[in-house]
**Student:** 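The structure follows.
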Protein chains: 2
Amino acid sequence: MATGRTHRPATRSRGIPEATVARLPLYLRALTALSERSVPTVSSEELATAAGVNSAKLRKDFSYLGSYGTRGVGYDVEYLVYQISRELGLTQDWPVAIVGIGNLGAALANYGGFASRGFRVAALIDADPAMAGTPVAGIAVQHTDDLDRIISENGVSIGVITTPPGAAQQVCDRLVAAGVTSILNFAPTVLSVPEGVDVRKVDLSIELQILAFHEQRKAGEDATAEDEGAPPMRATPAGRKGPDGDMPAVMPA
Amino acid sequence: MATGRTHRPATRSRGIPEATVARLPLYLRALTALSERSVPTVSSEELATAAGVNSAKLRKDFSYLGSYGTRGVGYDVEYLVYQISRELGLTQDWPVAIVGIGNLGAALANYGGFASRGFRVAALIDADPAMAGTPVAGIAVQHTDDLDRIISENGVSIGVITTPPGAAQQVCDRLVAAGVTSILNFAPTVLSVPEGVDVRKVDLSIELQILAFHEQRKAGEDATAEDEGAPPMRATPAGRKGPDGDMPAVMPA
DNA sequence: ATGTCTTTGTGAACGCGTGCACAAAGATTG
DNA sequence: CAATCTTTGTGCACGCGTTCACAAAGACAT
């Protein structure tokens with residue numbers, strides 16, 4: 001019944017701050033690029049610039065992993081690539097299942113960035129019987145009925161949800177029941193999961209709205225005298241709202 | 001030329017904390033759902049549960065917007081929907097341009113969540129001449145050469161980048177030059193933008209890597225004695241130490 | 001009107017993350 | 001070997017965000 005925690009426990013894992021963990025992939029990407037150019041070492045300053053962060057922050061981040069640098073020289077690129085990869089668990093292979101093969105699901109399946117590092121699309125699952133067997137990105141789509149079997153047979157522990165919002169929670173529950181303990185949710189829904197299951201969400205609509213907020217603010221800075229718009233009279237509780245029908249009766253993403 | 005700040009200035013806008021702004025869309029979604037069910041009022045507790053957050057946090061968030069609640073009763077749903085919409089700038093229409101119409105770009109163009117609230121796909125732009133004119137999601141794709149004109153003619157201030165990583169910075173620069181001041185970046189690249197331009201990134205790969213980290217940690221908790229694998233010899237920069245490993249004694253997860 | 005009950009709004013404490021600034025460490029040069 | 005120079009690693013202070021806990025405010029019943 002999907003009655004569980006909704007937010008991550010913020011369990012400070014093994015002393016590495018969550019904020020640092022979130023930046024490690026950034027460093028890894030920059031380091032990989034350097035590695036491909038056969039650059040042997042980098043200073044914290046250079047690497048920080050490449051990763052778009054502060055150099056002090058980068059050094060502190062690395063200090064949580066250990067002392068991998070050489071003073072007066074910098075960091076050994078190859079060595080650091082390996083250390084971060086190991087820390088992130090990318091030295092092993094993670095089979096991933098994508099549930100909901102619509103526009104987005106198919107796009108993700110085709111996305112090259114998946115297989116690039118440690119991740120492998122192990123299964124595509126959809127509720128539409130007509131899609132069963134259809135190959136997407138070279139992989140045959142399987143039906144939701146077999147979800148349990150698919151997950152366990154492939155040893156999938158990371159699931160990606162790209163279903164319509166209405167189906168997301170149900171799919172989530174089934175994934176968790178089948179053994180998935182990490183979920184990447186693209187559906188615009190708040191997922192409830194039991195403790196011990198990690199959920200990360202990617203929400204286009206939310207990102208756009210945040211941008212819109214700042215955009216509006218920027219536009220409003222010039223015209224400070226700008227009228228706030230017609231402040232519709234307070235809709236007295238249990239009463240009626242403004243006559244000008246201010247309500248956008250539109251459904252959100 | 002892309003020489004500018006990379007991170008947002010964290011400019012505390014109008015007294016509303018960034019963290020709060022990021023949650024407003026969440027509240028708005030939950031409120032819209034309630035509105036459709038014609039629920040007149042909600043308590044902070046109910047709404048918080050629906051949005052997946054703490055009720056105290058929700059109340060504090062709302063307190064930044066003003067006192068919109070009624071003690072002993074709760075919040076008027078319709079009124080709050082309007083207030084948050086206005087605060088986020090969703091009462092006006094935001095024309096959005098998507099650059100890079102590959103798998104992902106096309107998927108986003110088709111994504112219903114776009115038009116749902118305040119956002120309208122005003123233009124689709126791609127560098128492939130063969131795509132020019134091809135309709136995607138009912139909109140004809142236009143060529144990159146006309147980017148400047150397209151942006152200014154449509155008054156686009158929000159751009160979405162779904163190009164390959166190599167082209168992202170260049171596209172970004174052109175968007176900014178054309179007048180775009182908010183960018184949603186799906187390309188796995190660190191974008192440099194001048195001050196005053198907001199960038200938000202959505203990165204599938206990074207999200208997966210963060211999940212993998214936690215997944216590994218969870219798996220490692222049981223088997224603490226797990227072997228760390230073969231630690232590759234440290235590429236000692238210009239100086240050798242014991243071959244046995246000056247491996248920083250990092251503890252196994 | 002008075003009292004009770006519910007729920008908001010917020011003061012205050014706490015913890016996390018960030019950035020500064022510098023001492024320590026090692027490379028490098030004379 | 002001593003001096004100098006570069007860059008790391010980190011102690012410390014500060015600010016933001018979260019959470020607790022409670023007084024104030026209003027609804028509602030008597």
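Hydrogens, waters and symmetry mates are skipped; everything else that's a heavy atom, side chains included, is used. No experiment lies behind these values; they were computed from the predicted model shown. A note on names: the letters A, B, ... follow the listed sequences, proteins ahead of strands, and every chain is numbered from 1.
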**Student:** Would you kindly give the OH-to-P distance between B/Y64 and C/dG9, to the nearest whole Å?
**Tutor:**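 Rounded to the whole Å, the gap is 13 Å.
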**Student:** Assign each of A/T20 and B/D61 to its nearest nucleotide of DNA chain C by heavy atoms, then name whichever residue's nucleotide is nearer the 5' end.
**Tutor:** B/D61
**Student:** Nearest whole Å is fine: how far is D/dG17 P from B/L24 CG?
**Tutor:**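 That distance rounds to 13 Å.
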**Student:** Are A/D76 and A/E78 side-chain neighbours, meaning at least one heavy-atom pair lies under 4.5 Å?
**Tutor:**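 Result yes, sub-4.5 Å side-chain heavy-atom pair found.
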**Student:** For residues 25-47 of chain A, which residue pairs qualify under ring pair (Phe, Tyr, Trp, His ring centres under 6.0 Å), counting only residues two or more places apart or in two chains?
**Tutor:**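 For residues 25-47 of chain A, and leaving out neighbouring residues, the ring pair (Phe, Tyr, Trp, His ring centres under 6.0 Å) pairs sorted by first residue read A/Y27-A/F62.
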**Student:** For the pair made of CG in B/L58 and P in D/dG17, what is the distance, rounded to whole Å?
**Tutor:** 16 Å
**Student:** Go through A/K57 and A/R23 one step at a time and tell me if the side-chain contact (heavy atoms from CB on, under 4.5 Å) criterion holds.
**Tutor:** CA-CA 10 Å; A/K57 194 186 296 185; A/R23 278 187 295 269; 3.4 Å; yes
**Student:** Per the end-axis method with five pairs at each terminus, what is the bend angle of the helix from C/dA1-D/dT30 to C/dG30-D/dC1, to 10°?
**Tutor:** 10°
**Student:** Atom CD of B/E18 and atom P of D/dG15: how far apart are they, to the nearest Å?
**Tutor:**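 About 19 Å, once rounded to whole Å.
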**Student:** Hey, mind stepping through B/Y68 and B/Y79 against ring pair (Phe, Tyr, Trp, His ring centres under 6.0 Å) and telling me if it holds?
**Tutor:** CA-CA 8 Å; B/Y68 294 155; B/Y79 185 66; 5.4 Å; yes
**Student:** Would you say the side-chain atoms of B/W94 pair up with the backbone N or O of B/G89, donor to acceptor, closer than 3.5 Å?
**Tutor:** yes
**Student:** Within the structure provided, determine whether A/I161 and A/L191 are in side-chain contact (heavy-atom separation under 4.5 Å).
**Tutor:**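 A side-chain contact under 4.5 Å exists here.
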**Student:** Strictly under 4.0 angstrom, non-hydrogen atoms only: write out the protein contact profile of nucleotides 4-12 of chain D, one letter per nucleotide from the 5' end, B, S or -.
**Tutor:** --BBBBBBB
**Student:** Looking at A/R59 and A/Y75, what are the two nearest heavy atoms and their distance?
**Tutor:** CG-OH, 3.8 Å
**Student:** Could you walk me through whether A/T181 and B/E215 pass the side-chain contact (heavy atoms from CB on, under 4.5 Å) check?
**Tutor:** CA-CA 7 Å; A/T181 47; B/E215 199 61 35; 2.3 Å; yes
